[in-house]
Protein chains: 2
Amino acid sequence: MRDLDETDLEILELLMSDARRPWSDIAEIVDLTPPAVSDRVARLQEMGIIRRFTLDVDRSQLREGVPVLLTVTVHADRFEPVRETLLDAEAVEYAFTTAENDLLCYARVPGGDVPAWLSETLNKESVDDYDVTLLTGAEWTPSIGGTEFALTCAECGNTVTSEGVASRIGGDLYQFCCPSCETSFEEQYDRLEEATS
Amino acid sequence: MRDLDETDLEILELLMSDARRPWSDIAEIVDLTPPAVSDRVARLQEMGIIRRFTLDVDRSQLREGVPVLLTVTVHADRFEPVRETLLDAEAVEYAFTTAENDLLCYARVPGGDVPAWLSETLNKESVDDYDVTLLTGAEWTPSIGGTEFALTCAECGNTVTSEGVASRIGGDLYQFCCPSCETSFEEQYDRLEEATS
DNA sequence: AGTGAAAATCTCTCAGT
DNA sequence: ACTGAGAGATTTTCACT
């Protein structure tokens, strides 16, 4: 799978701000022809970078229910099914997974009866504990962050993903793709320090 | 401002699943002509129901930074400026406001140095306290929930918005547009109870 | 608010580089 | 991967209901 170039990111940004913008419009900005833009967008869709063309809707005006943030603690074995159950629930709009395997869901509960909705939704699911926070607002600021690109592991040179770690060593910040690369780098660094002192 | 009808909701649903769908396509499904659909969409945009046509992007593939959930506690006086500062920050994608005036932000921190990013971002802002949770996943499930419609205040008949409250009185759940309607309804209810006992 | 038809614009296809 | 041009589809405009 070929990597993204700056033109792809520019196209993504333009479509983020207006997904109905004509290809010809984009083509002019990124200095290509309309079919070339169309091809790139098709490729971005195939790669799964673009999941879909959609709307940013102000649901508060649709009066769809009481907005809540639901924090769910669940045993690791049951994590996947619970996550899927929640994502399938009509009321759930966002689901965040924490590093400690907790689930955070933003939902709009129809009818305002949060306890009833919860027992309906999580009924057959073995949830250890949950907590509900009432929300008064939710906002979304889509942006691609055009200046931000892939990070490179200081030890092995691979691309740093969400699994990666950052560490400040000798006053400088280094990126690593995994903790073992971090350890290797630190050992190497300490050896260098000793040798030059 | 005219209320939404079922055709509007149908158009919203169709555009949520594919925002580039031709008007003619939608027109056929909702039994209108293309210009009529175009007019309705324009009206939905003017009303602010449709904020924008956009993309659902799989940001995990863009390797854009370390995903975190930031919980910020801030004095009521400083709430608005802090909220705006955070929303303006490139890294912040979502901001949820709790009923207790806490802020919850989903952000992807570039470079992975979360403490540095925080001190940069919230530098001149008087934040009482904050907490950072590392996330490993974030998902979005766009859907309109076609069966869900506006709620009506049991006291005054107005539409219940996010500001509204729900209350279980005498075993039944009632919706109110505001606390004062709730109080009026309860008093009326109690008087009826006394009269019939 | 919606229709119908014409004009303008956009997208798709495909042969060629 | 991209271009350029032509065919086909879509959107916009506008007079009318």
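In what follows, every chain begins at residue 1, and chains take the letters A, B, ... in the order their sequences are listed. This one's a predicted model, so the numbers in the text were calculated from it and none came from an experiment.
- Regarding contacts with the backbone of D:dT11, a side-chain N or O of A:Arg20 is found under 4.0 angstrom from either OP1 or OP2.
- With sequence neighbours left out, the ring-ring contact (aromatic ring centres under 6.0 Å, His included) criterion links A:Phe53 to no other residue.
- Summary of helix geometry: the two end axes of the helix from C:dA1-D:dT17 to C:dT17-D:dA1, each defined by five base pairs via their C1' atoms, are inclined to each other by 40° (rounded to 10°).
- Taking A:Glu120 as the reference, nothing meets the side chain to side chain donor-acceptor pair (under 3.5 Å) condition, with sequence neighbours excluded.
- Applying the side-chain contact (heavy atoms from CB on, under 4.5 Å) criterion to B:Ala42, with sequence neighbours excluded, gives no partner residue.
- Every residue two or more places apart in sequence or in another chain that forms a side chain to side chain donor-acceptor pair (under 3.5 Å) with A:Trp117 is listed here: A:Thr121.
- A:Phe96 and B:Phe96 have perpendicular rings, their planes meeting at more than 60° on a 0 to 90° scale where under 30° would count as parallel.
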Side chains of residues 66-76 of chain A: which donor-acceptor pairs under 3.5 Å do they make with residues two or more places apart or in other chains?
residue, atom, partner, partner atom, Å
A:His75, ND1, A:Asp77, N, 3.2
A:His75, ND1, A:Asp77, OD2, 3.4

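- Nearer the 5' end of DNA chain D, as judged by each residue's closest nucleotide, is the contact made by A:Thr33, out of B:Pro22 and A:Thr33.
- We find that CG of A:Leu15 is positioned 11 Å from P of C:dT11, with the value rounded to whole Å.
- Closest contact between the side chain of A:Ser24 and the listed nucleotides C:dT11, D:dT10, D:dT3 involves C:dT11.
- With A:Arg20 contributing its side chain and B:Ala19 its backbone, the two residues share a donor-acceptor pair below 3.5 Å.
- Rounded to whole angstrom, the span from the CG atom of A:Asp8 across to the C1' atom of D:dC2 amounts to 14 Å.
- When the P atom of D:dC2 is taken as reference, atom CD1 of A:Ile11 falls 8 Å away, rounded to whole Å.
- Atom CG of B:Asp18 is separated from atom P of C:dT11 by 13 Å (rounded to the nearest Å).
- Scanning for side chain to side chain donor-acceptor pair (under 3.5 Å) contacts around A:Thr85 gives A:Glu125, with sequence neighbours left out.
- Here C:dT11 presents its C1' atom at 16 Å from CG of A:Leu32, a figure rounded to the nearest Å.
- Rounded to an integer number of Å, the gap from A:Phe53 CZ to C:dT11 P is 11 Å.
- Protein atom CZ of A:Arg40 is 4 Å distant from nucleotide atom P of D:dC2, rounded to whole Å.
- Here A:Arg21 does not reach the OP1 or OP2 of C:dC10: none of its side-chain N or O atoms lies under 4.0 Å away.
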Enumerate all atom pairs, one protein N or O and one N or O from nucleotides 12-17 of chain D, separated by less than 3.5 Å.
residue, atom, partner, partner atom, Å
D:dT12, OP2, B:Trp23, NE1, 3.3

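- Between the CD1 atom of B:Ile26 and the C1' atom of C:dG2 there is a distance of 16 Å, rounded to whole Å.
- Checked against salt bridge (charged side-chain N to carboxylate O under 4.0 Å, His left out), A:Arg21 has the following partners two or more places apart in sequence or in another chain: A:Asp25.
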